[in-house]
Amino acid sequence: MAIESKKRSCIDSDQFGIDSVYDSSLKQQLSELLKVEIDTIELTPIETGLTHRSFRCQISDKLCFVKVYNFAQDAIAQVDRINQLTQFMRRRDIPAPRIIAYSTRTPRIVVHEYVDGSSATGDINELPSIAQLYSRLVSIGLENSTQVGRSDYLQPLHNTQLRLQGLNENALVCGDLHRQYLSLWRRVIDILDKELSSTTLLHLNIHDDFTEKNLLMKYQEVALLCDWDSYRLKYFVEHFSCSIVRFSTEAPLDGDIVKSKLELFYRNLTPDLLQTLSAAKSYPSLLPVLATLKHLRTYGFRNSIVKHRSPDLEQPLLHWPLQHCQSLLENRATISQWLASFH
């Protein structure tokens, strides 16, 4: 399962137009929201995602996090939903952000309590805490789970593939790369059409960006889970597949699947989660296949980001996920056998 080692670089905040927000306008809004003098506010961009922006904010000798959402429509309703969700999760012992200040006058800005820590690195010693948190999230999601028909699950995958096939050559970063993604799509969909035998599939609401960049660690324990705008209904086995594989490579999206990391994550899951997993006909044989879907679904979005905004991110946003997915399919039998042996 060798993937060529890649030198990782942080996503430069300037690439996403943060300078336009990192100005007196944002400071003025924070000054009014927090009722402090504007010249006491210092903002430092945090390595950012592709949609929203985050800052470390210092006001005199106090620290906090500032989240600036980029919702095009219904910002008040969407941010309110996220705020209610994070408060609910905190009551359920999930380390979601604690809100310090928010106002509908500045609906895209939320100020959160500062948490000291650093992003997860993929270190094996972080896995027990990460797996235990994942189990708690699944447990909450199972309280209101639902069954979705097989065809209702597969049809959107076919639709996405067709949309990608119809992309104009001028919209592509690289034609050869695009053809490799389409080839993967065809292979994955063909496998699922043939082997996904269940007539209904267990879906639950869960954090759909459960990755190292959204986990803040302290002393190898999860101190904060960020970015709750991605909380949505997902096919449980697919989400689990993406998550366990993400934390079982040598580094996120980089290198071989490491059996010892895969097993350590698995061993720290709760019995209830494992029982739910074992009831799924698609597990473990389809796990490496399902683990590719998040990367395949988001390929069009990532292609657009690289094409129109950040051409220097072509390697981390397009090439590395492709290599990761190719490795999963090439080593499907081995990974599935490992998982089966953990029972």
Side-chain angles (χ1 to χ4, degrees), residues 1-6 122 124 127 131 134 138 150 153-158 160-161 164 177-199 201-203 208 210-212 234-267 269 273-274 276-299 302 318-343:
M1 284 176 285
I3 295 177
E4 183 182 354
S5 179
K6 300 175 274 289
I124 193 168
L127 295 187
Y134 185 79
V138 170
R150 178 182 181 276
Y153 172 72
L154 290 176
Q155 189 58 54
L157 300 180
H158 286 277
T160 300
Q161 181 192 10
L164 291 174
L177 191 71
H178 182 69
R179 285 185 286 274
Q180 291 184 67
Y181 268 101
L182 287 179
S183 176
L184 266 178
W185 260 114
R186 286 191 291 269
R187 188 175 171 190
V188 167
I189 288 178
D190 184 59
I191 293 171
L192 294 177
D193 280 338
K194 292 176 179 177
E195 299 183 30
L196 190 63
S197 58
S198 300
T199 55
L201 307 171
L202 178 67
H203 280 59
D208 194 31
F210 191 79
T211 63
E212 71 290 336
K234 295 295 296 182
Y235 172 34
F236 166 58
V237 182
E238 179 196 325
H239 191 279
F240 172 79
S241 301
C242 293
S243 299
I244 192 170
V245 164
R246 180 91 182 200
F247 292 102
S248 298
T249 48
E250 294 173 359
L253 297 185
D254 187 358
D256 294 351
I257 298 288
V258 180
K259 184 180 180 181
S260 58
K261 295 180 76 171
L262 191 73
E263 183 169 10
L264 184 60
F265 193 103
Y266 181 92
R267 299 293 183 198
L269 298 168
L273 186 152
L274 294 176
T276 303
L277 196 60
S278 64
K281 295 179 181 179
S282 54
Y283 178 84
S285 64
L286 284 177
L287 183 142
V289 180
L290 293 167
T292 68
L293 284 175
K294 186 175 183 67
H295 305 293
L296 294 178
R297 279 197 189 93
T298 58
Y299 159 66
R302 288 181 282 111
L318 296 178
H319 291 273
W320 297 351
L322 176 66
Q323 293 170 338
H324 175 68
C325 292
Q326 289 170 334
S327 177
L328 287 171
L329 294 187
E330 289 166 7
N331 296 279
R332 177 189 173 190
T334 299
I335 298 169
S336 299
Q337 288 167 7
W338 286 348
L339 288 159
S341 73
F342 299 158
H343 287 293

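It should be emphasised that the depicted structure is a prediction, and the values quoted were computed from it without experimental measurement.
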Heavy-atom pair of closest approach, residues Arg150 and Leu192
NH2-O, 3.5 Å

Contact check, side chains of Ile244 and Leu262, non-hydrogen atoms, under 4.5 Å:
yes

Leu164 CG to Leu296 CG distance, which is reported to the nearest 0.5 Å:
9.0 Å

Check this for me, if you would: do Lys194 and Asp190 make a salt bridge, where the nitrogen-to-carboxylate-oxygen distance has to be below 4.0 angstrom?
yes

When the ring centroid of His295 is compared with that of Tyr181, is the distance short of 6.0 Å?
no

Any side-chain heavy-atom pair of Lys259 and Thr334 under 4.5 Å
no

Separation between CD of Glu238 and CG of Leu157, rounded to the nearest 0.5 Å:
7.0 Å

Is there side-chain contact between Glu263 and Ser248, with heavy atoms separated by less than 4.5 Å?
no

Would you sort out whether Ile257 and Asn331 count as a side chain to side chain contact (heavy atoms under 4.5 Å, CB included), showing the intermediate values?
CA-CA 9 Å; Ile257 298 288; Asn331 296 279; over 6 Å; no

d(Leu182 CG, Gln161 CD) to nearest 0.5 Å is 7.0 Å

Output the distance between atom CG (Leu277) and atom OG (Ser282), rounded to the nearest 0.5 Å.
8.0 Å

Backbone N/O of Arg179 and side chain of Ser183: donor-acceptor pair under 3.5 Å
no

Is any side-chain heavy atom of Ile191 closer than 4.5 Å to one of Val188?
no

Tell me the closest heavy-atom pair linking Ser198 and Leu201, and the distance in Å.
CB-CD2, 3.7 Å

Please assess Leu286 against Arg332 for the test side chain to side chain contact (heavy atoms under 4.5 Å, CB included), listing each intermediate value before the final yes or no.
CA-CA 8 Å; Leu286 284 177; Arg332 177 189 173 190; 3.5 Å; yes

Between Phe265 and Arg246, is there a side-chain heavy-atom distance shorter than 4.5 Å?
no

Can you tell me how far apart NZ (Lys234) and NZ (Lys294) are? Round to the nearest 0.5 Å.
6.0 Å

Evaluate the ring planes of His203 and Tyr235, with Trp represented by its six-membered ring, and classify them as parallel (under 30°), tilted (30 to 60°) or perpendicular (over 60°).
parallel

Start with the C-alpha distance between Ser241 and Val237, add both sets of side-chain angles, then the distance that settles side chain to side chain contact (heavy atoms under 4.5 Å, CB included), and finish with yes or no.
CA-CA 6 Å; Ser241 301; Val237 182; 4.1 Å; yes

Any donor-acceptor pair under 3.5 Å linking the side chain of Ser336 with the backbone of Ala333?
no

Are any non-hydrogen side-chain atoms of Phe236 and Tyr283 less than 4.5 angstrom apart?
no

Looking at CG of Leu328 and CG of Leu184, how far apart are the two atoms once the value is rounded to the nearest 0.5 Å?
9.5 Å

All heavy atoms of Cys242 vs all of Leu290, minimum pair found to be SG-O, 3.8 Å

I want to check something: taking the side chain as every heavy atom from C-beta on, are Glu195 and Val289 in contact at a cut-off of under 4.5 Å?
no

Stepwise side chain to side chain contact (heavy atoms under 4.5 Å, CB included) test for Phe247 and Lys261:
CA-CA 7 Å; Phe247 292 102; Lys261 295 180 76 171; over 6 Å; no

Does Phe240 reach the side chain of Val138, with side-chain heavy atoms less than 4.5 Å apart?
no

